[in-house]
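These notes concern the structure reproduced below.
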Amino acid sequence: MRDRECRFPTCHRPAHDSDLDHVIPYQRSGDTNTANLIGLCRRHHRTKHTPGWHFHLTDTGSLHITTPTGHTYKSP
């Protein structure tokens with residue numbers, strides 16, 4: 001319900017075309033629950049796993065993204 005479209009800023013691909021991805025990777029003890037999952041379209045899912053990108057999901061569900069160049073974006 002929370003992620004009706006890709007969570008990446010300015011992307012509006014619908015959630016039903018998106019991947020659910022762990023913010024804290026499953027391999028590093030990331031839980032599989034709403035506090036650690038976000039919907040990202042395939043393009044932005046791949047971007048998230050590119051070196052230098054950092055994603056942080058707050059307790060309120062706000063997503064903070066830091067790019068390799070240090071720019072930060074906030075997604076509701």
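Source: prediction; values computed, not measured. Sequential numbering from 1 along the given sequence is applied to the chain's residues.
- Under the 3.5 Å distance criterion, the side-chain polar atoms of Asp21 are left unmatched by any main-chain donor or acceptor of His45.
- Of the inter-residue distances, the one linking Ser29 atom OG with Ile24 atom CD1 reads 9.0 Å to the nearest 0.5 angstrom.
- Judged by distance alone, the side chains of His22 and Thr32 do bring a donor and an acceptor atom under 3.5 Å apart.
- Side-chain contact check for Leu20 versus Ile38: every heavy-atom pair is 4.5 Å or farther apart.
- Shortest non-hydrogen contact noted between Val23 and Phe55 is CG1-O, 3.4 Å.
- Taking each heavy atom of His71 and Thr69 in turn, the nearest pair found is ND1-OG1, 2.8 Å.
- Taking both residues in full, the closest heavy atoms of Leu57 and Ala35 are given as CD2-O, 3.4 Å, listed atom of the first, atom of the second, then distance.
- Looking only at distances, no side-chain donor or acceptor of Asp19 sits under 3.5 Å from a matching main-chain atom of Cys41.
- Contact check for Tyr26 versus Asn36: no side-chain heavy atoms found under the 4.5 Å cut-off.
- Ser18 places no side-chain N or O within 3.5 Å of a backbone atom of Gly39 that could act as its donor or acceptor partner.
- The aromatic rings of Phe8 and His44 lie parallel to each other, with less than 30° between the two planes, well short of the 60° mark.
- Counting only heavy atoms from C-beta outward, the side chains of Thr58 and His56 approach each other to under 4.5 Å.
- Proximity of a side-chain donor or acceptor of Thr66 to a complementary backbone N or O of Gly70 within less than 3.5 Å is not detected.
- Inspection of the Thr60 and Ser62 side chains reveals no N or O donor paired with an N or O acceptor under 3.5 Å.
- Atoms NZ and NE2, on Lys48 and His54 in that order, are 11.0 Å from each other to the nearest 0.5 Å.
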